Amino acid sequence: MALNDLVMDHEISIRLGFFFGTFILIALWEIVAPKRALTVSKAVRWLNNLGIVVLNTIILRLLFPAAAVGVAAFAASQGWGLLNYYELPFIVSIVLSVIAMDLIIYLQHVLVHAVPSLWRLHRVHHADLDYDVTTGARFHPIEIILSMLIKFATIVVLGPPVVAVVIFEVILNAMAMFNHGNINLPKGLDRVLRWLVVTPDMHRVHHSVEDNEANSNYGFNLSIWDRLFGTYIDQPRAGHQGMTIGIHKYRDPKQVDQLPGMLLLPFKGEVTGYAINRREWSNPSGQGGES
Ligand SMILES: [Zn+2]
Ligand SMILES: [Zn+2]
């Protein structure tokens, strides 16, 4: 398929183009009209959040030089995956693949909140004391490696066209920056967009210190999964200006917004069992203890 070859040949420039284009757009929007005042210096957070992005990019390239696109091309050459069993029009395969991969990302996000050891990794994303375009990319390297392995498994089972994998990764990247943006969409526009995609106001609820709010709105791209699986919360109780971002237990900027602290964060705290993630968000004396 010519389109597959074209995308494979220009994969890096397509990715970088969309990454920097979206990043610059949202970053400028945040500077011109921020939604909330930041609590930690933007320079410190950006340096460290982008530092972990650079580290993750290097680790992924070293561990998986062929990346998801390489796995998709290999699966296609072997005829592996569900979609390779059907003679679907190319465009239908692409749309189905993007939707299916988005569902898997949603389920993976629910999983990393529910399983205590995975939550330890994912808490690095939630511990950011502020919420902006760089929050969307800060994940612990081990979570990034796990995500990549889940993506490989998804590709082998699904058999998506190579183009669909690139489209999905580019959309996910751009949407993560958009919906973590510290930006103010007009209420009416937010309401309309929300019927289809995750907006900044919708995902901000997920970064609340309140445990029921942090355990909601898991979607990254399509908003339908949260509505369908009953994990949707419309607005934060304290409002977007009044809500507290982050995790109750970890609020020292040195620990949560500087690279060495962020990398060590999964290994902090006692191992107390299933309810550990609930205890971190809510008041330790409240419900959700580990009895
Ligand atoms: Zn989360
Ligand atoms: Zn997030």
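In each ligand, atom 1 is the first atom listed, and ligand 1 is the first ligand listed. Since we're looking at a predicted model, the values are computed, not measured. Count residues from 1 along the sequence.
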Exercise. Which protein N, O or S atoms lie under 2.8 Å from the Zn ion (ligand 1)?
Worked result: His109 NE2, His113 NE2, His122 NE2, His126 NE2, His206 NE2

Seminar exercise, completed: Contacts of Arg194 meeting salt bridge (Lys or Arg N to Asp or Glu O under 4.0 Å) (sequence neighbours excluded), chain-then-number -> Asp190, Asp234

For this session: Measure from the side-chain N and O atoms of Arg120 to the backbone N and O of Lys268, and report whether any donor-acceptor pair falls under 3.5 Å.
Result: yes

Exercise. Under the 3.5 angstrom rule, does the side chain of Arg45 hit a backbone N or O of Asp128 as a donor-acceptor pair?
Worked result: no

Problem set entry | Centroid-centroid distance, Trp46 to Phe23, less than 6.0 Å | yes

Exercise. Is the His113-His206 ring centre distance short of 6.0 angstrom?
Worked result: yes

Exercise. Under a 4.0 Å N-O cut-off, is there an ion pair linking Asp201 with Lys35?
Worked result: yes

